[in-house]
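First the structure, in the form of structure tokens, and then the observations on it.
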Protein chains: 2
Amino acid sequence: MEEDRKPLRADAERNRRRLLDAATSIFCERGLEVGVGEIADRAGVGRGTLFRNFPSKEHLIAAIVVERMRQMIDRGRGLLDAPDAGAALFGLLDESVGLQQADRALFDALDDEWLANEEIRAAHVELISVLDALLVRAQAAGAVRDDVGAVDVLMMVKGACEAMRSFQHVDPGIGARQLDLVRAALSANPGHLPLRGRRPALADLEPAAAASAEVAASA
Amino acid sequence: MEEDRKPLRADAERNRRRLLDAATSIFCERGLEVGVGEIADRAGVGRGTLFRNFPSKEHLIAAIVVERMRQMIDRGRGLLDAPDAGAALFGLLDESVGLQQADRALFDALDDEWLANEEIRAAHVELISVLDALLVRAQAAGAVRDDVGAVDVLMMVKGACEAMRSFQHVDPGIGARQLDLVRAALSANPGHLPLRGRRPALADLEPAAAASAEVAASA
DNA sequence: ACCTGAACACCGTTCAAGT
DNA sequence: ACCTGAACACCGTTCAAGT
């Protein structure tokens with residue numbers, strides 16, 4: 001579950017970092033569709049080296065996304081014993097959205113298919129479990145309604161990020177505003193109507209059983 | 001502002017429809033990255049015909065998105081004189097999310113760059129103005145808080161759609177649940193904290209002044 | 001072990017020839 | 001006017017040769 005990969009030769013490790021850094025800055029500047037050639041150039045390595053470290057362009061992007069998620073995870077862990085549980089949870093969400101605003105289109109890259117990626121799913125599970133810990137504390141403190149789960153929260157935040165991405169050029173404050181709406185939805189406010197469906201559980205995030213079931217059904 | 005294009009020869013018009021239909025079903029079945037060749041084949045036309053009707057693959061996708069948005073716009077107009085203003089607004093949102101769930105990844109395709117597309121921006125403006133009309137009625141009826149605008153609502157719905165796209169395979173009910181959270185955020189509930197930023201206005205959706213300003217700044 | 005860049009394959013797009 | 005499909009250009013990926 002931790003951040004160790006099989007150890008690489010010193011120069012290989014350095015190249016991996018250079019590629020990650022070059023890709024991060026280029027993607028943030030100009031979006032996800034810049035060519036891999038340019039990335040290899042900026043990193044100062046050959047095209048082949050990129051594909052030695054990352055099986056495909058998508059895997060490279062995934063690695064960057066995982067780094068971003070790890071930042072959130074670490075920050076979340078640091079907030080686990082903050083005095084004000086509600087402020088801790090919403091503070092993390094604010095920071096996440098802020099991070100997203102600085103970059104451009106990275107967090108967004110998390111559709112169906114990306115969850116097939118082993119690393120991304122692992123990071124997702126970790127992130128949700130940290131979020132869950134923060135959420136439970138906030139609920140115990142009476143700052144958040146009891147009928148929501150960490151997956152609900154993550155979904156709303158991802159939604160806010162996505163929405164922000166579309167409209168931040170027309171209103172840079174839209175991210176913070178959307179987050180305030182998320183907060184309103186999650187507040188422990190009497191008079192809230194009950195939610196449809198059931199409270200999502202951590203166990204739901206297992207390997208893509210849906211996909212294999214679908215294949216079986218079509219046979 | 002209306003749905004008339006310069007009239008085409010009968011066979012051309014028929015080919016355009018065939019391409020739109022073929023693309024819609026193929027994209028829904030297998031996602032946005034299927035080749036244009038396959039679409040032309042299913043439509044029963046040559047590759048070149050596709051590019052005669054749509055300047056690029058992106059424009060083809062945009063045309064489909066516009067059709068979807070027009071469906072929402074028409075449905076919204078039909079709800080303008082419904083007796084229960086609150087139910088009308090949230091009913092439309094529910095239908096929109098349902099539509100999204102049936103398809104796969106179409107509505108989602110609305111990032112920054114897409115708004116540069118003239119047709120999409122026009123449809124967006126229309127959609128928001130209908131949403132605004134429904135929203136104002138719902139607010140007058142006391143069903144929705146007064147400090148939100150149509151853009152806020154659209155952002156939250158787009159967020160819910162996006163979130164749903166990531167997790168509907170693990171929990172098909174997530175869309176309805178997210179919408180209930182949106183409803184909770186928008187409800188006229190005393191005890192809601194004030195929102196950061198200002199209430200977005202319709203006038204904000206003007207041509208991409210941000211982009212040209214950016215270009216000017218870099219000179 | 002790892003690096004390199006020329007070569008390959010694939011796919012969006014164009015265009016000369018046809019109706 | 002519009003259609004067609006072979007040809008082009010571009011970009012992700014591979015691999016034989018090098019260190």
Side-chain angles (χ1 to χ4, degrees), chain A residues 4-27 29-65 105-106 109 111 113-114 116-117 120, chain B residues 4-27 29-65 105-106 109 111 113-114 116-117 120:
Chain A
D4 41 20
R5 234 167 309 97
K6 78 182 62 170
L8 299 168
R9 225 169 60 179
D11 55 345
E13 183 64 43
R14 202 196 44 194
N15 283 339
R16 188 187 150 88
R17 258 262 66 81
R18 280 186 180 172
L19 280 164
L20 241 18
D21 292 340
T24 300
S25 51
I26 289 193
F27 284 149
E29 290 164 14
R30 316 214 325 257
L32 247 31
E33 60 287 327
V34 286
V36 291
E38 247 177 298
I39 293 168
D41 288 348
R42 165 123 34 143
V45 303
R47 285 168 146 71
T49 302
L50 192 157
F51 287 94
R52 161 166 277 268
N53 281 282
F54 308 96
S56 71
K57 185 184 181 181
E58 290 215 340
H59 279 83
L60 170 59
I61 298 172
I64 297 176
V65 172
L106 286 178
D111 29 7
E113 344 240 318
W114 292 83
N117 181 309
I120 286 206
Chain B
D4 42 19
R5 236 166 308 96
K6 76 183 63 172
L8 299 168
R9 226 169 61 179
D11 55 344
E13 184 62 43
R14 203 196 43 197
N15 282 339
R16 191 188 149 88
R17 258 264 65 81
R18 280 187 181 170
L19 280 164
L20 241 17
D21 292 340
T24 300
S25 53
I26 291 193
F27 283 149
E29 290 164 14
R30 320 213 324 258
L32 248 31
E33 60 289 324
V34 286
V36 291
E38 247 177 298
I39 293 168
D41 288 348
R42 165 120 36 139
V45 304
R47 285 167 148 71
T49 302
L50 193 155
F51 286 95
R52 162 167 277 268
N53 281 282
F54 308 96
S56 73
K57 185 184 182 183
E58 290 215 340
H59 280 82
L60 170 59
I61 298 173
I64 297 176
V65 171
L106 286 180
D111 28 10
E113 345 239 319
W114 293 84
N117 180 309
I120 287 206

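The shown structure was predicted, so the numbers you read here are calculated from the model rather than taken from an experiment. First the proteins, then the strands, lettered A, B, ... as listed; each starts at 1.
A salt bridge is absent between A/E13 and A/R18; no separation between the charged side-chain nitrogens and carboxylate oxygens falls under 4.0 Å. Ionic pairing of B/R42 and B/E29 is present here: one or more N-O contacts between side-chain nitrogen and carboxylate oxygen are shorter than 4.0 angstrom.
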Let me have DNA chain D in dot-bracket notation, would you? Count Watson-Crick plus G-U wobble pairs, both distances under 3.5 Å, and use [ ] for pairs crossing earlier ones and | for inter-strand partners.
-> ||.|||||...|||||.||

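Panel note: side chain A/K57, backbone A/G35; no donor-acceptor pair is recorded below 3.5 Å.
The interatomic distance linking A/I39 (CD1) with D/dC11 (P) rounds to 12 Å, in whole Å. Counting to the nearest Å, the P atom of D/dC11 and the NZ atom of B/K57 are 15 Å from each other. For A/E33 and C/dG12, the CD to P distance is 15 Å, given to the nearest whole Å. In this structure, the CZ atom of A/F51 is 13 Å from the C1' atom of C/dC8, given to the nearest Å. Rounding to whole angstrom units, CG of residue A/L32 and C1' of D/dG12 are separated by 14 Å. Between the C1' atom of D/dT14 and the CG atom of A/L50 lies a distance of 13 Å, rounded to the nearest Å. Look at CZ on B/R16: it is 19 Å from P on D/dA1, rounded to the nearest Å. The nearest whole Å value for the distance from the CG atom in A/L19 to the P atom in C/dC2 is 14 Å.
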Check the interface with nucleotides 3-7 of chain D: list each N/O to N/O pair with the protein under 3.5 Å, or write none.
{"from": "D/dC3", "atom 1": "OP1", "to": "B/N15", "atom 2": "ND2", "distance (Å)": "2.3"}
{"from": "D/dT4", "atom 1": "OP2", "to": "B/G46", "atom 2": "N", "distance (Å)": "2.7"}
{"from": "D/dT4", "atom 1": "OP2", "to": "B/T49", "atom 2": "OG1", "distance (Å)": "2.9"}
{"from": "D/dG5", "atom 1": "O6", "to": "B/G48", "atom 2": "N", "distance (Å)": "3.3"}

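Here the closest heavy-atom approach between residue B/A23 and residue B/I64 is recorded as CB-CD1, 3.7 Å. What you find for A/L19 and A/A43 is that their closest heavy atoms are CD2-CB, 3.8 Å.
Residues B/I61 and B/E58 form no side-chain contact, since every pair of their non-hydrogen atoms from C-beta on lies 4.5 Å or further apart. Within the 4.5 Å cutoff, side-chain heavy atoms of A/F54 are placed close to those of A/R16. Using a 4.5 Å heavy-atom cutoff, the side chains of A/L60 and A/L20 are in contact.
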